Amino acid sequence: SEMMIKYSPGPLRKRGQTHSDVQWATWHSNINSAFANLRKKACNDSKDLSMQSQDQKNSFMGSHVAVGFKLMYDQVPAQLMGKFLSYVAAQNISVVHLVREATVLRLASHQQTSVAHTSNATLAQQLHYELMKWTDGQAVASAVKEIEEMHVKWQLRLQMYPLIRYHYVSYESLLGSLRSFYLAECVRSLGLHAVDEPYAQIAASLVQLHEPTCEQRVERYHALAPFLNGTRSESACAMLAGRPLDTMTELSLACSICF
C-alpha cells in the first residue's frame, strides 16, 4: 500500500498545502513510522503460525523477511530529494523500481478508470470502459515522452547514487510468460532466497480491470503508433502484443551483442 500517500499533491491540496510546505523532519518521521509499523506486523505474522500447514511453518521459521511499501515519485518533494537519497543509503534500504513502460496505457487509465482496484470479480465484469480517444498524436507523444523522462531521471538518481541497492523491473515483464523469472530476480535483489515459482506463493485478491494490450485499450492505436516511434512505450506495447519491432533494429542489436 501507499503509506506516504498523504504527501501526494491531491491529499496535500485538501489540507491547504503544497510540496513546498513539507519539512524534512515531518516527512522523515512519517517514513520511519511506516517502516516501524511494517516491521511490527511482520513480527506478529511470524508468531501467528497456528493456521498454517506444517510445510508453511517449516519454510517460515528461520527465514529472512523483507518489508516495504509503494512510494510514488510525487510523494517525495523536490526540496527533500537529497536527504531522501541519503536516508535510503544510510538505512540500507533496497529499492525495487517498478516502471510501467507502456506509458500510453497510463494515459488511457486516466481516461478510463472509475474504479482503481477491486477484488470483486462481478463488479469487474460489469464495468465497461471505452477505448482511449485521441485527436492529436503529437500531443499524446509529448505526454508519453514527458513521463518517460521522469522515469529516467529517477532511475539515474537511484541507480547512480553510491551505496543504494537498486533493482529495475518493468510492469510489462511481470505480465508475460517469464514473470516468475523477473519476480525471482526482484526477490533476490532484496537479499532473499527466491523459490522456483514465486507467483504460486502469492495470495492474489485483485482482479484485472482492463485488457492488457495497447491495441485493446487505445482507439486507432495503429494510427497513433508512428507518433510513438523511438519511445520506450512503443517497445512495451509491442512486447504486450507479442510482436517484435522492425527486423533491422533486431539485427543491429544482435550484432552489437555478438561483436
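Since we're looking at a predicted model, the values are computed, not measured. The first residue in the sequence is number 1, and the count goes up from there.
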Partner of F35 by side chain to side chain contact (heavy atoms under 4.5 Å, CB included), out of I31, N37, N32
I31
Under 4.5 Å side-chain linkage, directly or through intermediates, the cluster mates of L156
V152, M160
Under a single-linkage rule joining Ile, Leu, Val, Met, Phe, Trp and Tyr whose side-chain heavy atoms are separated by less than 4.5 Å, which residues share a cluster with I5?
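I5 shares its hydrophobic cluster with no other residue.
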Over 12 non-hydrogen atoms of neighbours within 6.0 angstrom of CD in E146:
no
Can you confirm whether more than 12 heavy atoms, excluding those of Y168, are under 6.0 Å from its OH atom?
yes
Short N-O contact, R232 and E148, less than 4.0 angstrom
no
Mind telling me whether F227 and W134 have parallel, tilted or perpendicular rings, with 30° and 60° as the class edges?
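If you compare the ring of W134 with that of F227, the planes turn out perpendicular.
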Which atom names give the shortest non-hydrogen contact between H151 and R100, and what distance separates them?
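Where H151 meets R100 most closely, the heavy atoms are NE2-O, 3.7 Å.
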Is there a side-chain contact between R157 and I164 (heavy atoms, below 4.5 Å)?
no
For H167, which residues count as a ring pair (Phe, Tyr, Trp, His ring centres under 6.0 Å) partner, sequence neighbours excluded?
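Once residues adjacent in sequence are excluded, H167 has no partner under the ring pair (Phe, Tyr, Trp, His ring centres under 6.0 Å) criterion.
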Supply the atom-to-atom distance K14 NZ to S8 OG, rounded to the nearest 0.5 angstrom.
11.0 Å
Are a donor atom and an acceptor atom from the side chains of S29 and T26 found within less than 3.5 Å of each other?
no
